[in-house]
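Convention: sequence-line order gives letters A, B, ...; per-chain numbering from 1. If you're wondering where the values come from, they're calculated on a predicted model, not measured in any experiment.
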2 protein chains.
Amino acid sequence: MKREDNPLKSPPRCAHPCDDCGLRNNSAFLKSTAEELDAIESFRVGSRSVPAGRSLIEEHIRSPQLFTLYSGWAFRYKTLTDGRRQILNFLLPGDFIGLQDEFAEGNTHGVEAATDVTFCVFERDKLWTLFQRQPKLGYDITWLAAREEKMLDDHLVTAGRRNASERIAMLLMHLYRRAERIGMVEDGWVEFPFNQQHIADALGLSLVHTNKTLRRLQRLGLHKIDDGKLRILEPQALETLGDYFERPLRRVPLI
Amino acid sequence: MKREDNPLKSPPRCAHPCDDCGLRNNSAFLKSTAEELDAIESFRVGSRSVPAGRSLIEEHIRSPQLFTLYSGWAFRYKTLTDGRRQILNFLLPGDFIGLQDEFAEGNTHGVEAATDVTFCVFERDKLWTLFQRQPKLGYDITWLAAREEKMLDDHLVTAGRRNASERIAMLLMHLYRRAERIGMVEDGWVEFPFNQQHIADALGLSLVHTNKTLRRLQRLGLHKIDDGKLRILEPQALETLGDYFERPLRRVPLI
DNA sequence: CGAATGCTTGACGGTACTCAAAGATTGTGG
DNA sequence: CCACAATCTTTGAGTACCGTCAAGCATTCG
């Protein structure tokens, strides 16, 4: 008998085997075969939790492990030596974490929990074995990497070529759509555990200017952020302003 | 008897089989086994050339093919609907191109040749077959994707958190180091087929401001750009200014 | 030699940054 | 339960970095 808990709503636990994984019932993800689940199971070495504000991966230290986020919000970031921080992207349940430093010596990203998070842990050294045993899962991982690169492309366009209000419009729609896709929206509200410094660091803006721009869009009635939750009031207006239209989202593989 | 031409120096031609590939003699790349070469060979459907300034991949059109750049410089970019362009990254021989739109409907990047380029063409539909037949090559492709994502991370930090001179310092060092790695530096000079508009679009700056900043760094004696070639005069100064230190570069797989 | 492309420079303006300080909210300990 | 600290948000003032506009110059090419 499966427990089928939903990590998005109930307190997460992931001690159970992958074929009983609450996230896998989510319609945003592709189904895996029994053999694939088996391979994932032996790739996985356990699960961990980290409270909001703490690190999953310390910057500049190559983690010997890979993760799949199971519940909560996190983000990847890098900092310059004088402390300026850039958030690279935001992580939601199902996101596969850590592939980027497959080869880097130092100079790696950090990953921080924005809410309390739970995640599955995989041994990096077993990655190659996984590719051998189940090429399909290797293909899936590549697919996930390509998808994340695509998101980075969009963020780079944002940071490079959009002005402040366009940036904010783009980010809000992006995050909302992604959360919506995996069923994290309830009554039009999404959990939004980011403060204005996070938004500023993601968009390459200063805190003050972020505040003023955010406030202006909210006064215009385009969105609302309240009590750690986000609501989109005028999706079309925000999409047009940000010149950002989320393409139809396919089902995504889950490792 | 192998021809062993060097695509970096002599006029490129790639009608010959992969085990006779000029690029594979380059010490920047990992050696492949005979079986791998065989698999790559059957994955490949031919080679093509495109003159400077023309497209390898049209923006917004999902290419049914994947490429490996064989000779020359190219770049990936995206444009907003009002024409603002952002260059996402630069492509050198050995770079694998097109994985990013593995799933995107429209909304894809464009790829343009900066010099005359030659590249190998692969059938996207055969990618999965390749993973099955040679998981190692699948692993390599993932590796390449992760590496490119890492470069995007760095560019995002640049666009988001560095000022104009820091951006330029970072970009010049980045491009120089990458070109150097595959032996494209001769007497301290690298082919540099980019105009100031390219640099501006890569860094998220205006043309005018790019010009003034570039000029200032050149007057300071940090670098020289002349006749389509770049020379780094003060690598340390540029690295410090850009807060960007290229990590030791490993050998890279070549598909 | 005129057109096209790219580089350079100056003038001016605005978007976004910095500095500063005052609310608002939350958490903590006495 | 209140006081105080800590964190985050908000607002104002002044500034600067960078963008836009405009025009001149250099080089290439047909």
List in chain and number order the residues that pass side chain to side chain contact (heavy atoms under 4.5 Å, CB included) with A/K229, two or more places apart in sequence or in another chain; answer none if no residue qualifies.
A/W189, A/D227
Find the bend of the helix from C/dC1-D/dG30 to C/dG30-D/dC1 as the angle between its two terminal axes (five pairs each), to the nearest 10°.
40°
Do B/M184 and B/E191 have side chains that approach each other closer than 4.5 Å (heavy atoms only, starting at C-beta)?
yes
Do A/M151 and A/R178 have side chains that approach each other closer than 4.5 Å (heavy atoms only, starting at C-beta)?
yes
Among residues at least two apart in sequence or on other chains, which ones pass side chain to side chain donor-acceptor pair (under 3.5 Å) with [X]?
X      : answer
A/D201 : A/R85, A/Q197, B/R161
A/Q196 : A/N211
A/T79  : A/E59

Residue pairs fulfilling ring-ring contact (aromatic ring centres under 6.0 Å, His included) with at least one residue in residues 196-219 of chain A, sequence neighbours excluded:
A/F75-A/H198, A/F194-A/H198
Separation between CZ of B/R231 and CD1 of B/I225, rounded to the nearest 0.5 Å
13.5 Å
What residue pairs, at least two apart or across chains, pass salt bridge (Lys or Arg N to Asp or Glu O under 4.0 Å) with a residue in residues 165-174 of chain B?
A/R84-B/E166
Any side-chain to backbone donor/acceptor pair from A/S63 onto A/Q65? Under 3.5 Å, distance only.
yes
Does any N or O in the side chain of B/Q100 come within less than 3.5 Å of the main-chain N or O of A/R147, such that one atom is a donor and the other an acceptor?
no
Can you tell me if B/S165 and B/T213 form a side-chain donor-acceptor pair at under 3.5 Å?
no
Between B/H109 and B/D101, is there a side-chain donor-acceptor contact under 3.5 Å, judged purely by atom types and distance?
yes
Rounded distance in Å - [atom1] ([X]) to [atom2] ([N]):
X      : N      : atom1 : atom2 : value
B/H209 : C/dT15 : NE2   : P     : 17 Å
A/L203 : C/dA16 : CG    : P     : 11 Å
A/D226 : C/dA24 : CG    : P     : 15 Å

Footprint string (nucleotides 4-9 of chain C, 5' to 3'): B base within contact, S backbone only, - free, heavy atoms under 4.0 Å:
--SSBB
Quick test: give all pairs of protein nitrogen or oxygen and nucleotides 21-23 of chain C nitrogen or oxygen below 3.5 Å, distance rounded to 0.1 Å.
none

Of all nucleotides in DNA chain D with an atom under 4.0 Å from a non-hydrogen atom of chain A, which is the first and which the last going 5' to 3'?
D/dC8 to D/dA13
Solution key, residues 238-245 of chain B side-chain donor-acceptor pairs under 3.5 Å, sequence neighbours excluded:
{"residue": "B/E239", "atom": "OE2", "partner": "B/R177", "partner atom": "NH2", "Å": "3.1"}
{"residue": "B/T240", "atom": "OG1", "partner": "B/Q236", "partner atom": "O", "Å": "2.8"}
{"residue": "B/D243", "atom": "OD1", "partner": "A/T81", "partner atom": "OG1", "Å": "3.3"}
{"residue": "B/D243", "atom": "OD2", "partner": "A/T81", "partner atom": "N", "Å": "2.8"}
{"residue": "B/D243", "atom": "OD2", "partner": "A/T81", "partner atom": "OG1", "Å": "2.9"}
{"residue": "B/Y244", "atom": "OH", "partner": "B/H174", "partner atom": "ND1", "Å": "2.9"}
{"residue": "B/Y244", "atom": "OH", "partner": "B/E246", "partner atom": "OE1", "Å": "2.9"}

Positive for ring pair (Phe, Tyr, Trp, His ring centres under 6.0 Å) with A/F119, one of A/W73, A/F67, A/F96, A/Y70:
A/F67
Check every strand shown and say whether A/G204 touches a base, only sugar-phosphate, or nothing at a heavy-atom separation below 4.0 Å.
sugar-phosphate
Can you list, by residue number, the residues of residues 161-172 of chain A that have a non-hydrogen atom closer than 4.0 angstrom to DNA chain C?
A/N163, A/A164
